[in-house]
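Inspection log for the structure reproduced underneath, given as structure tokens.
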Amino acid sequence: MTLDRAAGLAESARALADGEVTSRALVEAALARIEATQGSLNAFRIVRAEAALAEADAADRELATGARRPLLGVPVAVKDDMDVAGEPTAFGCCGTFPPVPEDGEAVRRLRAAGAVIVGKTNTCEFGQWPFTEGPAFGETRNPWNTRHTPGGSSGGSAAAVAAGLVPAALGSDGAGSVRIPASWTHLIGVKPQRGRISTWPRGESFQGITVNGTLARTVADAALLLDAASGNHPLDPHRPPAVEAARAVGRDPGRLRVALALKPPFTAVPARLRPEVRGRVVELAGKLASLGHTVEEADPPYGRIGLTFVPRATAGIAERVREAPEPALLDRRTHGAARLGRLLGGAPLRAARRAEAVMHSRIGGFFRCYDVVLAPTTAAPPPLVGAFLDLGGLATDRAMIAACPYAWPWNVLGWPGVNVPAGFVGGLPVGAQLLGPANSEPLLLSLAAQLEAELRWYDLWPPEPSSAAVEAT
């Protein structure tokens, strides 16, 4: 028996455990799909073909003994900001990066669950932008329409899962970098509580605003991968209480109070929700109401939260630039962000970090009236590939904020958010976020699963990926 691209993470794990398929067969099929689509989608920076097949054979031997682990023998991918032993971690950059000696904690935990890491997916330079393009690897394209970006910065992981190259993948989210590409590729994208999935060997990534998260076609698969990757290194500074994400998927969320938040948080440049995207999110709110939830328009008291985001984000860029083996090869916009980060890296950064507790109190109070926030994930559908290519730093920031003004506040707060598909605009996917307070992943996932059971997003697929040339841009 073989499984086609529609087989998800849980189905693959079950088929392996029941002896219906071998890990080698699954990994060979994944590698074949990746090879066939590198010319059209370009989802992967590194493909571990030989190593992955060896790991698959080891998994098959283990399965034959009767051993069982949650993901034993299942092929998955990880973003190229995560350390995989023996591979470089270039994080979207040009230059020569040495192989790292050991797995990062998240990858180590995936391996402990039995997963086979088939490769590392493309991301823009240091994960700064909501597109996945750069001189180091070219352009990663959206399976729904290859003229458009899949988003970023976890665009390679999103493209790989949306096209069925792998059943699920890890990404990272520092300003929506899991949720934005999930929105633009019709996926479930989970940004968990800070510390839920370790970012070790960095105790904090980008001053704590970046976390690792999961991308999958179903809520159950996203939750399964979240459980497998969750946990901490002994030196991690953030250690949230454990949750059982997969168990929450089949649980009735109860009757919830849902705040429909359509107003973008404060930004230094204007951002406007496209009417057609607004329509899709409002339709989703209507579905929640039909399921018995109370839905009313209300916006969290964000205040000037953006003033606390910029010092943390740019100081994080400055740290990465200092570590780059060949900084002269980095994008001019990266150097501009790093210069700002060095200016803000003292007292402004300390003030931004202190302000987090105040925002937890203020925005946390909103959840005395509401259980969940429903908000757009982006203000617009996915842009064309190359739309940001020749822009300067300020113009890129303006375009980025105009398209994606909604996701980043939850990175400052460190709280969970889940992108769910909200439909299509002009044939391109858009999404909505379910946002909650600290450690609310079980509630968000149970609500997402309730919506999924009604709307069956996973029945819709992009065109079958092929090695054909991409459509003319």
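Just so it is clear, the structure is predicted and the values come from calculations on it, not from any experiment.
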On a heavy-atom basis, which atom in [X] and which in [Y] lie closest, and how many Å separate them?
| X | Y | value |
| --- | --- | --- |
| P416 | P437 | CD-O, 3.1 Å |
| A399 | F388 | CB-CE2, 3.4 Å |
| V84 | V100 | O-CG2, 3.2 Å |
| S23 | L16 | N-CD2, 3.2 Å |
| S157 | T121 | OG-OG1, 2.7 Å |

Rounded to the nearest 0.5 Å, how far apart are [atom1] of [X] and [atom2] of [Y]?
| X | Y | atom1 | atom2 | answer |
| --- | --- | --- | --- | --- |
| T146 | L384 | OG1 | CG | 11.0 Å |
| D60 | R24 | CG | CZ | 8.5 Å |
| I305 | I363 | CD1 | CD1 | 4.5 Å |
| I197 | L225 | CD1 | CG | 7.0 Å |

Can you give me every donor-acceptor pair (side chain of residues 310-322, partner residue at least two apart or in another chain, under 3.5 Å) with its distance?
residue, atom, partner, partner atom, Å
R312, NE, Q207, O, 3.0
R312, NH1, E356, OE1, 2.8
R312, NH2, Q207, O, 2.8
R312, NH2, E356, OE1, 3.2
T314, OG1, V310, O, 2.8
E319, OE2, Q207, NE2, 2.7
R320, NH2, S205, OG, 3.1

Side chain [X], main chain [Y], donor-acceptor under 3.5 Å:
| X | Y | result |
| --- | --- | --- |
| D236 | G195 | no |
| D103 | A85 | yes |
| E441 | Q193 | yes |
| E105 | G231 | no |
| R194 | G208 | yes |
| W457 | R217 | no |
| T214 | A222 | yes |
| N142 | G151 | no |
| S154 | G171 | no |
| T123 | S153 | yes |

Practice item. Provide the full list of salt bridge (Lys or Arg N to Asp or Glu O under 4.0 Å) pairs with a residue in residues 221-234, sequence neighbours left out, each pair given once. Key: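 Sorted result for residues 221-234: empty, none.
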Checking [Y] against [X]: is there a side-chain donor and acceptor pair closer than 3.5 Å?
| X | Y | value |
| --- | --- | --- |
| K79 | S172 | yes |
| T89 | D83 | yes |
| E452 | T218 | no |

Practice item. Evaluate the ring planes of W200 and H233, with Trp represented by its six-membered ring, and classify them as parallel (under 30°), tilted (30 to 60°) or perpendicular (over 60°). Key: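 Answer is parallel, since the angle falls under 30°.
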**Study point:** Option among T378, N411, T377 that satisfies the side-chain hydrogen bond (donor to acceptor under 3.5 Å, both in side chains) test with R179
**Key:**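 So the option named by the test is N411.
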Exercise for review: Verify the ring-centre separation between W461 and H186: is it less than 6.0 angstrom?
Suggested key: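 No, the ring centres sit 6.0 Å or more apart.
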Point to revise | Residue pairs passing the side-chain hydrogen bond (donor to acceptor under 3.5 Å, both in side chains) test where at least one lies in residues 393-402, sequence neighbours excluded | key: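 Counting only pairs at least two positions apart or across chains, the side-chain hydrogen bond (donor to acceptor under 3.5 Å, both in side chains) contacts touching residues 393-402 are R333-T396.
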